[in-house]
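These notes concern the structure reproduced below.
For this chain, numbers begin at 1 and follow the sequence in order.
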Amino acid sequence: KYINKIYYFLIYLYIPILIYLKIYIYLTIMFEYIFNKKNSCRLLFYTPIVFCSSLVGSIAYDYITYDNIKYDNIKKKD
């Protein structure tokens with residue numbers, strides 16, 4: 001009877017607790033690795049820089065392209 005209680009403890013209590021702790025430790029380490037100060041600063045500062053530069057680049061490309069199309073249409077009419 002005593003051995004059955006030990007097996008019960010190991011199978012139904014101890015092993016799930018170990019699995020839970022392993023998952024918890026893994027998630028904690030992963031969370032700390034992803035959301036540290038350096039990555040938070042990167043997310044805070046790089047995102048607006050990339051967004052604004054892509055916006056400026058898109059506007060400049062549209063301006064240059066539109067100007068060329070307008071000039072080509074005027075040349076074709078003449």
Side-chain angles (χ1 to χ4, degrees):
K1 282 188 162 187
Y2 184 71
I3 295 177
N4 288 338
K5 288 183 180 180
I6 291 175
Y7 286 143
Y8 176 79
F9 175 76
L10 286 176
I11 293 171
Y12 294 107
L13 292 175
Y14 188 67
I15 294 174
I17 288 173
L18 286 178
I19 293 171
Y20 173 76
L21 284 175
K22 188 174 182 179
I23 292 171
Y24 176 76
I25 291 169
Y26 175 75
L27 290 176
T28 304
I29 291 171
M30 186 176 69
F31 185 79
E32 289 175 0
Y33 178 73
I34 293 173
F35 296 105
N36 58 15
K37 290 180 183 179
K38 186 177 180 181
N39 288 340
S40 299
C41 289
R42 285 180 181 169
L43 184 67
L44 187 66
F45 294 118
Y46 287 175
T47 305
I49 291 171
V50 169
F51 178 75
C52 290
S53 61
S54 64
L55 188 65
V56 168
S58 176
I59 291 172
Y61 177 78
D62 289 342
Y63 177 76
I64 293 168
T65 307
Y66 178 76
D67 193 31
N68 288 339
I69 291 171
K70 185 176 170 183
Y71 182 71
D72 288 342
N73 288 338
I74 292 173
K75 279 179 100 177
K76 287 180 183 177
K77 286 181 182 178
D78 291 341

Side-chain (Ser53) to main-chain (Val50) donor-acceptor, under 3.5 angstrom: yes

Shared hydrophobic cluster, Met30 / Ile19 (ILVMFWY, side-chain heavy atoms < 4.5 Å): yes

Co-membership, hydrophobic cluster, residues Ile23 and Tyr26, 4.5 Å side-chain: yes

Exam field: side chain Ser58 to backbone Ser54, donor-acceptor pair closer than 3.5 Å: no

Leu27 side, atom CG; Tyr24 side, atom OH - distance, nearest 0.5 Å: 9.5 Å

